[in-house]
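Just below is one structure, and these are the notes that go with it.
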Amino acid sequence: MTTDFTRTGVLPRLITPDCLWTGGCIAASVPGFLAHYSCFLLKGARASVLIDTGHPMHAEQVERDITAFLGDRPLDFVFPTHGELPHAGLLERWLRKWPDAVAVGDMRDWHLYLPALSHRFRQVAPGDVLDLGDRDFTFLPAIWRDLPDSLWGWDPKDRILFLSDACACFHPHTPGQSDHFTSEIAPPDVPLMQDFNSKALHWPRFTDSTGSFAAMDALLAALQPRLLCSAHGAVVDQPFELMPLFKAGLAQAA
Ligand SMILES: [Fe+2]
Ligand SMILES: [Fe+2]
């Protein structure tokens, strides 16, 4: 059976010719809403990188989708954006399935979890790049981060900014909306984003988040992204239009 990469109402969906959005949705802590647990496979002309591993609950689906999208090519890099289950829980599975794949990211603790695979970890820092053949995938500091090992990523060819836990937004529990872009559903709901940010990031409850806004504005102005890919929300195809809502979701959580 061939995998359908077009918009069908469920993941996967091809968001650019080289980038596949897959993963799945799980009931959120807010009744009636779903939370995405997404990952993204970026296929360059020479090498590929899986951004976040997918949640272990979705292992079969993610494996089906990335295998179909890779075709006869191997997976070259896996980039867990930080060391939490939805972002990194399938790292061992992918490294064993693709024996030449290398894990890239802030791998500072991973020798403790997977000591037998530590020779396949590559430590990177913001500013480092992965040469995928037709683009230099670039690691960025995670301005709105979860853990100290969080990193963001940037695809300069398709102008996609990968944001890990930032810019998360739930979508209504309506069948057939899991693969929609933000322009195809109702705008993100600020109280729901506050709830998510207080539980997933914690610091917005205790800290004045507004001090981080200038850094985010500067990053967006420099990169001019076309798409924002959060692990926990619809793919954002209106980055500048929706940024005030994402800021409100952080600033008002205290
Ligand atoms: Fe997280
Ligand atoms: Fe997360």
Side-chain angles (χ1 to χ4, degrees), residues 11-12 15 20-30 33-42 49-59 61-62 66 78-94 103-110 112-114 124 126 139-154 160-171 178-179 182 188-207 209 212 216 227-236 242 245-247 249-250 253-254:
L11 297 174
I15 61 172
L20 187 72
W21 177 18
T22 181
C25 290
I26 300 174
S29 57
V30 181
F33 286 83
L34 295 176
H36 283 91
Y37 289 79
S38 303
C39 56
F40 301 89
L41 177 58
L42 185 62
V49 56
L50 180 65
I51 298 139
D52 278 330
T53 67
H55 193 293
M57 287 179 65
H58 303 128
Q61 175 178 334
V62 171
I66 60 180
V78 186
F79 168 35
T81 60
H82 60 297
E84 277 189 331
L85 190 73
H87 304 269
L90 291 171
L91 180 60
E92 180 177 11
R93 180 173 176 134
W94 305 141
V104 290
D106 186 335
M107 307 301 293
R108 65 178 82 179
D109 294 328
W110 279 94
L112 300 170
Y113 294 113
L114 302 173
V124 298
F139 297 94
L140 297 174
I143 295 168
W144 294 335
R145 73 182 181 188
D146 181 4
L147 299 179
D149 64 351
S150 298
L151 286 174
W152 289 354
W154 168 243
I160 310 173
L161 185 54
F162 298 93
L163 293 174
S164 189
D165 280 340
C167 298
C169 53
F170 298 119
H171 60 87
S178 289
D179 69 343
T182 53
D189 183 276
V190 170
L192 278 178
M193 288 192 287
Q194 291 174 359
D195 183 73
F196 175 87
N197 288 328
S198 68
K199 290 170 179 165
L201 303 179
H202 301 287
W203 52 264
R205 275 188 289 170
F206 308 110
T207 312
S209 309
S212 64
M216 190 63 179
L227 298 173
L228 306 180
C229 291
S230 166
H232 303 298
V235 166
V236 179
L242 295 188
L245 292 179
F246 293 125
K247 289 177 178 172
L250 280 174

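Heavy-atom basis, side chains included; hydrogens, waters and symmetry copies ignored. Atoms within a ligand are numbered from 1 in the order they appear, just like the ligands themselves. Keep in mind it's a predicted model, so treat the numbers as computed, not measured.
- For Asp146, the N, O or S atom with the smallest separation from the Fe ion (ligand 1) is OD2.
- Residue side and main chain included, His87 places an N/O/S atom under 2.8 Å of the Fe ion (ligand 2).
- Atom OD2 is the N/O/S atom of Asp165 found closest to the Fe ion (ligand 1).
- Under the 30°/60° scheme for interplanar angles, the aromatic rings of His232 and His87 are found to stand perpendicular.
- Of the residues Asp146, Asp149, Asp52, the one that meets the side chain to side chain donor-acceptor pair (under 3.5 Å) test with His82 is Asp146.
- Between Met107 atom CE and Phe79 atom CZ the span is 10.0 Å, to the nearest 0.5 Å.
- Of all the N, O or S atoms in Glu84, the one closest to the Fe ion (ligand 1) is OE1.
- In this structure a side-chain-to-backbone donor-acceptor pair under 3.5 Å is present from Arg108 to Pro148.
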